[in-house]
**Student:** 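Have a look at the structure that comes next, please.
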Amino acid sequence: MTNHVPNEARVIPLRPQGASPPAPAVKEPLWRDLVGDVLRRERLAQERTLKDVADEARISMPYLSEVERGRKEASSEVLAAAARALGLSLGDLLSRTQGELTRVTSRYTGSGSRRGMASPSSHDGMCLVA
């Protein structure tokens, strides 16, 4: 006869005994949140209303509000129109957003370098794919 009890659960540890649990994954910000923050910050810096910018950009005010709050993933045409209404080019908007992404993610990595890289890259840019 065996010592095996048929209905007994067998526990198999997922990590070795005494090992500490892995650090929780850091949730990186979404691009749409960062773009919205940049648009809102620029609009407020110019002391302009949402209605004023939406009218000049020919975007509905509720839609622009959703973009600013990061609720909508705006097309490049909408982003360009909103940027122009604020006196920015699309490149200016994307550059500021990339700077914001770098600033925000540097808090997670500690020094601003990218995770998993031995040294910072000599190429500091971004690539957008449609």
Side-chain angles (χ1 to χ4, degrees):
M1 229 184 218
T2 65
N3 291 340
H4 179 70
V5 178
N7 291 329
E8 185 176 314
R10 184 171 158 206
V11 177
I12 301 171
L14 297 178
R15 60 182 162 279
Q17 294 286 347
S20 61
V26 174
K27 185 176 179 184
E28 291 192 13
L30 296 176
W31 183 254
R32 68 177 183 245
D33 290 330
L34 296 170
V35 169
D37 289 344
V38 169
L39 286 171
R40 175 171 280 160
R41 196 168 33 249
E42 183 62 29
R43 179 177 61 78
L44 294 175
Q46 294 180 16
E47 298 180 350
R48 294 176 65 188
T49 66
L50 194 60
K51 180 174 178 9
D52 173 46
V53 175
D55 287 348
E56 189 171 332
R58 303 184 81 139
I59 303 169
S60 76
M61 191 173 67
Y63 188 74
L64 182 57
S65 174
E66 294 281 297
V67 170
E68 282 191 356
R69 290 185 287 144
R71 308 267 175 142
K72 296 289 182 189
E73 192 83 52
S75 69
S76 58
E77 290 88 354
V78 169
L79 293 177
R84 273 193 310 274
L86 292 167
L88 304 172
S89 70
L90 181 59
D92 292 333
L93 175 62
L94 298 179
S95 179
R96 290 180 185 194
T97 304
Q98 192 261 343
E100 182 69 8
L101 177 63
T102 301
R103 185 186 68 75
V104 169
T105 57
S106 69
R107 282 190 252 150
Y108 302 137
T109 60
S111 65
S113 65
R114 295 181 180 107
R115 264 181 302 192
M117 295 185 76
S119 64
S121 172
S122 62
H123 299 77
D124 192 17
M126 81 178 121
C127 177
L128 298 176
V129 179

**Student:** Around atom CZ of Arg71, are there more than 12 heavy atoms from other residues, nucleotides or ligands closer than 6.0 Å?
**Tutor:**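 Atom CZ in Arg71 is not packed in, count stays at 12 or less.
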
**Student:** Give a yes or no answer on whether the side chain of Arg32 reaches the backbone of Lys72 with a donor-acceptor pair at less than 3.5 Å.
**Tutor:**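 The answer is no, because no donor-acceptor pair under 3.5 Å joins these two groups.
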
**Student:** Heavy-atom distance under 4.5 Å between the side chains of Asp92 and Ser89, does that happen here?
**Tutor:**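 Yes. Closest side-chain heavy atoms under 4.5 Å.
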
**Student:** Hey, could you give me the CG/CZ distance between Leu34 and Arg103, rounded to the nearest 0.5 Å?
**Tutor:**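 Between atom CG of Leu34 and atom CZ of Arg103 there are 9.0 Å.
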
**Student:** Which heavy-atom pair separates Glu42 from Leu88 by the least distance, and what is that distance?
**Tutor:**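 Where Glu42 meets Leu88 most closely, the heavy atoms are CG-CD1, 4.0 Å.
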
**Student:** What's the separation between atom CG in Leu50 and atom CZ in Arg43, rounded to the nearest 0.5 Å?
**Tutor:**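 One gets 4.5 Å once the value is rounded to the nearest 0.5 Å.
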
**Student:** Looking at CG of Leu101 and CG of Leu94, how far apart are the two atoms once the value is rounded to the nearest 0.5 Å?
**Tutor:**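 Rounded to the nearest 0.5 Å, the CG-CG separation comes to 12.0 Å.
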
**Student:** With rounding to the nearest 0.5 angstrom, report the OG to CG distance, Ser65 to Leu39.
**Tutor:**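 Atom-to-atom, Ser65:OG and Leu39:CG are 11.5 Å apart.
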
**Student:** I'd like to know if the side chain of Glu100 reaches the main chain of Val35, judged simply by a donor and an acceptor atom lying under 3.5 Å from each other, with no hydrogens or angles considered.
**Tutor:**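 No, the answer is negative, given that no donor and acceptor are paired below the 3.5 Å cut-off.
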
**Student:** Roughly how far, to the nearest 0.5 Å, is OG1 of Thr49 from CD of Glu47?
**Tutor:**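 It is 11.5 Å, given to the nearest 0.5 Å.
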
**Student:** Do you know the tightest heavy-atom contact between Ala74 and Val67?
**Tutor:**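 That closest heavy-atom pairing would be CB-CG2, 3.8 Å.
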
**Student:** Is Leu93 reachable from Val104 through a run of hydrophobic residues whose side-chain heavy atoms are each under 4.5 Å from the next?
**Tutor:**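 Yes: a chain of side-chain contacts under 4.5 Å links Val104 to Leu93.
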
**Student:** Taking atom CG of Leu79 and atom CD of Glu73, what is their separation to the nearest 0.5 Å?
**Tutor:**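 Interatomic distance, Leu79 CG to Glu73 CD, rounded to 0.5 Å: 8.5 Å.
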
**Student:** Side-chain donor-acceptor pairs under 3.5 Å in residues 53-61, sequence neighbours left out?
**Tutor:**
residue : atom : partner : partner atom : Å
Asp55   : OD2  : Lys51   : NZ           : 2.9
Glu56   : OE1  : Arg48   : NH2          : 2.7
Ser60   : OG   : Tyr63   : N            : 3.2

**Student:** Quick one, Arg96 and Arg41 - any side-chain contact, counting heavy atoms below 4.5 Å?
**Tutor:**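 Of all side-chain heavy-atom pairs linking Arg41 with Arg96, none is under 4.5 Å.
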
